[in-house]
Amino acid sequence: MSLKLYNTLTGTKEEFVPLEPGKVKMYVCGVTVYDHCHIGHARANVAFDVVYRYLRASGYQVTYVRNYTDIDDKIINRANKEGVPYNVISERYIQTFDEDMARLGLALPTHQPRATEHIDDIIRLVQTLIDRGHAYQSGGDVYFSVETFPSYLKLSKRTLEEMQAGARVEVGELKRNPMDFALWKEAKPGEPFWECPWGKGRPGWHIECSAMSSCLLGETFDIHGGGRDLIFPHHENEIAQSEAATGKPFVRYWLHNGFVNINAEKMSKSLGNFFTIREVLDRYDSEVLRFFLLSAHYRSPIDFSDQNLAEAEVGLERIYKALAGVEEALARPAATGAAGAAHAELGERLAAFETRFKEAMDDDFNTAQALGHIFDLVRSVNRFLAENESNRALLEAVRAAMAMVAEVFGIFTSVPAAFLERMQTRKADELTIPVAEIERLIEERTAARKAKDFKRSDEIRDFLLERGVALLDGPQGTNWKAK
RNA sequence: GGCGGCGUAGCCAAGUGGUAAGGCAGAGCUCUGCAAAAGCUCCAUUCAGCGGUUCAAAUCCGCUCGCCGCCUCCA
């Protein structure tokens with residue numbers, strides 16, 4: 001079976017055929033660096049991180065470009081507010097973006113260009129568009145003339161008439177058509193600028209992506225990704241700029257991820273209902289957040305809530321517990337248990353697993369379905385372990401299968417025992433009862449149990465349970481864990 | 001107003017023509033002094049509603065209801 005992906009341009013799932021066999025060139029719109037990233041950014045970046053990882057795991061040599069938009073009105077506004085040069089803002093938030101992405105376990109793109117590193121390329125591209133009659137200078141600005149590009153709006157599948165019916169009327173007289181958009185903006189006094197044939201100014205928002213992608217990936221490349229909200233105007237304008245300049249198709253497959261919702265409403269800066277990645281990672285493990293994001297298909301909306309994150313946490317723990325069991329069994333001295341029913345079942349499950357996983361991922365990166373297959377495997381593993389079987393080869397095969405998954409999903413990358421320990425520490429930190437007190441009560445209970453005073457023993461269990469502490473009686477004595 | 005998407009169990013979520021994956025929660029059982037973990041069993045005659053096409057529909061078509069998004073910066 002081959003990889004199929006949903007192409008926004010055609011509105012259908014298509015078989016993926018790269019321009020050059022064995023190689024994939026993909027571009028994903030990064031962030032405008034003027035503030036901390038929120039979980040919407042986390043979703044987009046995790047989604048395309050998995051695309052990147054899966055393509056690599058499928059044997060492709062992938063060139064992945066993700067840009068930083070480091071010159072823009074919002075950055076300038078923020079800089080003015082703080083009374084610092086614009087690049088103080090952009091540098092600061094490039095750094096926090098990098099930190100956030102590292103914490104989320106993202107693989108590094110091949111290239112991470114900044115708009116300001118490609119000003120010459122941008123100016124050249126704007127000049128080409130003017131020369132070809134697709135752009136015009138108006139004052140110190142340069143605008144793209146949408147009427148000169150007949151297939152404008154082919155991505156968002158609308159027409160200029162439809163757009164204008166709902167659009168507010170432009171006040172300025174600089175544009176010939178209200179739908180025309182800025183390729184280059186004249187600098188106002190005090191604003192950062194670059195010298196160019198049209199005076200002093202800076203690039204418009206969309207042109208940088210056209211310039212950087214063609215520079216690093218070529219005039220036509222395979223995959224372009226981003227959030228749904230970028231379809232119009234950003235990606236539409238990229239298509240117009242690039243195709244008008246080169247006369248060649250710009251991108252073969254357009255991929256767009258769905259939104260993160262809060263209470264079924266889009267989360268966004270403008271609505272003010274957003275959580276930053278760092279806020280969320282203070283409360284949840286990064287693998288939990290990734291697991292949560294992968295539990296739904298990347299194109300579907302996903303609802304961010306404490307309950308949903310808590311569920312993700314429980315699910316991820318279930319998988320890690322099974323993996324910890326596998327490691328424990330492998331650490332024990334080799335015992336060749338009799339091959340029972342669980343042995344045969346796990347063997348079959350494993351044999352089918354890789355194929356099922358690939359089928360799910362080949363179907364437009366269906367991570368939710370792939371997770372279902374993982375849970376099926378986990379149940380077989382638990383059954384196998386519960387029957388006290390210990391077939392080394394089989395257990396090692398489980399380990400290898402999950403390592404393959406880890407490579408693609410960017411989760412299950414921790415040593416299982418370490419992960420579970422991490423989760424315990426996190427929960428234990430929230431306890432209101434001191435550890436010394438817990439230990440004292442455990443001692444008291446152990447004594448009570450020895451004396452067969454089960455009434456007192458159960459009182460202590462209930463008392464601690466009410467405070468979030470669960471007691472675990474084992475052969476080596478009583479342990480406890482935060483619930 | 002124009003365009004687009006979605007509605008699957010208490011909750012999350014796959015499935016887009018062949019008779020409803022998976023997870024969480026819940027119930028019972030095994031294990032345990034009692035618990036926990038794990039295992040086993042159960043948990044949607046049905047996919048928002050109503051019509052239609054078909055041997056066959058959650059899946060295709062039409063209508064209705066509800067929710068959301070884009071049309072302005074946005075992942």
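Fair warning: this is a prediction, and the values are worked out from it, not measured in the lab. Computed from heavy atoms alone, side chains included, the values below leave out hydrogens, waters and symmetry copies. Throughout, protein chains are lettered first and strands after them, A, B, ... in sequence-line order, and every chain is numbered starting at 1.
Taking the P atom of each, C12(B) and G52(B) are spaced 32 Å apart, rounded to whole Å. The separation of U16(B) from U59(B), taken at their P atoms, amounts to 12 Å, rounded to a whole angstrom. Atom C1' of A21(B) sits at a distance of 24 Å from the matching atom of G5(B), rounded to the whole Å. Taking atom C1' on both nucleotides, A9(B) is separated from U46(B) by 10 Å, rounded to a whole Å. Rounded to a whole angstrom, the distance from the P atom of A13(B) to that of C65(B) is 26 Å. Here, G7(B) and G15(B) have their C1' atoms 15 Å apart, quoted to the whole Å. Spacing between G18(B) and U30(B) at atom P, rounded to whole Å, works out to 42 Å. Rounded to whole Å, the C1' atom of G17(B) lies 9 Å from the corresponding atom of U54(B).
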> When you look at K185(A) and D72(A), which way does the salt bridge (charged side-chain N to carboxylate O under 4.0 Å, His left out) test go after all the steps?
Replying inline: CA-CA 10 Å; K185(A) 292 179 170 185; D72(A) 170 89; over 6 Å; no
> Could you walk me through whether K74(A) and D35(A) pass the salt bridge (charged side-chain N to carboxylate O under 4.0 Å, His left out) check?
Replying inline: CA-CA 9 Å; K74(A) 289 186 169 178; D35(A) 203 351; over 6 Å; no
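Counting non-hydrogen atoms under 4.0 angstrom, K74(A) reaches a base of the nucleic acid. If you check every strand for non-hydrogen atoms under 4.0 Å, R43(A) touches nothing. As judged by a 4.0 angstrom heavy-atom cut-off over every strand, L465(A) is placed among residues making no nucleic acid contact. Residue L230(A) is in sugar-phosphate contact alone, with no base atom involved, counting any heavy-atom pair closer than 4.0 Å across all strands shown. Residue S295(A) is in sugar-phosphate contact alone, with no base atom involved, counting any heavy-atom pair closer than 4.0 Å across all strands shown. H297(A) comes within contact range of the sugar-phosphate backbone alone, with a heavy-atom separation under 4.0 Å but no base atom that close. Here G40(A) lies in heavy-atom contact (under 4.0 Å) with a base. If you check every strand for non-hydrogen atoms under 4.0 Å, G325(A) touches nothing. Across all strands shown, A296(A) has heavy atoms under 4.0 Å from sugar-phosphate atoms exclusively, and none from any base. Within 4.0 Å (heavy atoms only), V28(A) reaches no atom of the nucleic acid at all. In this structure, D73(A) reaches neither bases nor backbone, as no heavy-atom distance under 4.0 Å exists between it and the strands shown.
Between F375(A) and G22(B), no base-stacking contact is recorded for ring centres under 5.5 Å apart and planes less than 30° from parallel.
Atom CG in N308(A) sits about 14 Å away from atom P in A25(B), given to the nearest Å. For the pair F97(A) CZ and A75(B) C1', the interatomic distance rounds to 10 Å; values are reported in whole Å. Across the protein-nucleic acid pair, R318(A) atom CZ and A36(B) atom P stand 16 Å apart, rounded to whole Å. In this structure, CG of N382(A) is placed 15 Å from P of G22(B), rounded to the nearest angstrom. F463(A) has its CZ atom 24 Å from the P atom of C34(B), to the nearest Å. Residue R356(A) contributes atom CZ, which lies 13 Å from atom C1' of G15(B) at whole-angstrom precision. The CD-P distance, from Q307(A) to A25(B), rounds to 11 Å in whole Å. Atom C1' of nucleotide G23(B) and atom CZ of F292(A) are separated by 14 Å, given to the nearest angstrom.
A cation-pi arrangement, defined by a distance under 6.0 Å to the six-membered ring centre and an angle within 45 degrees of its axis, is absent between R43(A) and F259(A). For the pair K154(A) and F149(A), the cation-pi test (distance below 6.0 Å, angle within 45°) is failed.
A donor-acceptor contact under 3.5 Å links the side chain of R449(A) to the base of G33(B). Between the base of C68(B) and the side chain of N261(A) there is no donor-acceptor pair shorter than 3.5 Å. In this model, a side-chain donor or acceptor of S457(A) finds a partner on the base of G33(B) within 3.5 Å. Judged by distance alone, with hydrogens and angles left aside, R461(A) brings a side-chain donor or acceptor within reach of the base of C34(B), the pair sitting under 3.5 Å. In terms of polar N and O atoms assigned as donor or acceptor, the side chain of R445(A) comes within less than 3.5 Å of the base of G33(B) in a complementary pairing.
Of the inter-residue distances, the one linking N80(A) atom CG with I75(A) atom CD1 reads 12.0 Å to the nearest 0.5 angstrom.
Remark: side-chain polar atoms of E354(A) are not paired, donor with acceptor, to backbone N or O of A401(A) under 3.5 angstrom. Proximity of a side-chain donor or acceptor of Y320(A) to a complementary backbone N or O of S414(A) within less than 3.5 Å is detected. With S305(A) contributing its side chain and N308(A) its backbone, the two residues share a donor-acceptor pair below 3.5 Å.
Minimum atom distance to the side chain of A386(A) is reached by A38(B), of the listed C70(B), G15(B), A38(B). Listed nucleotides A38(B), G39(B), A75(B) differ in distance to R379(A); the shortest reach to its side chain belongs to G39(B). In this structure, of A38(B), A75(B), C73(B), it is A75(B) that holds the atom nearest to the side chain of D229(A). Side-chain proximity of A44(A) to the nucleotides G33(B), C70(B), A75(B) is greatest for A75(B). When each of A37(B), G33(B), C70(B) is scored by its nearest atom to the side-chain atoms of K321(A), the top-ranked nucleotide is A37(B). Comparing atom distances between the E265(A) side chain and each of C34(B), A37(B), G69(B) picks out G69(B) as nearest. When distances are taken from the side chain of F454(A) to each of G33(B), A36(B), A14(B), the shortest belongs to G33(B). Between C24(B), C34(B), G15(B), one nucleotide has an atom nearer to the side chain of V314(A) than all others, and that is C24(B).
A salt bridge does not link K4(A) to E14(A): none of the charged nitrogens lies less than 4.0 Å from a carboxylate oxygen. Comment: R440(A) engages E444(A) in a salt bridge, judged by a side-chain N to carboxylate O separation of less than 4.0 angstrom.
Position along RNA chain B of the nearest nucleotide to K266(A) versus S380(A) favours S380(A) as the more 5'-ward residue. A residue-by-residue look at G226(A) and D458(A) shows that D458(A) has its nearest nucleotide of RNA chain B further toward the 5' end.
Between V33(A) and I89(A) the shortest side-chain heavy-atom distance does not fall below 4.5 Å.
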> Would you write out the dot-bracket form of RNA chain B, 5' to 3', with Watson-Crick and G-U pairs under 3.5 Å, [ ] for crossing pairs, | for pairs to other strands and . for unpaired bases?
Replying inline: ((((((((.[[[..)..(...]]].(((((.......))))).....[[[[[..)....]]]]])))))))....
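Applying the 4.0 Å criterion to OP1 and OP2 of A14(B), one finds that S300(A) has a side-chain N or O inside that range.
Here the two rings, on F181(A) and Y143(A), have centers that are 6.0 Å apart or farther.
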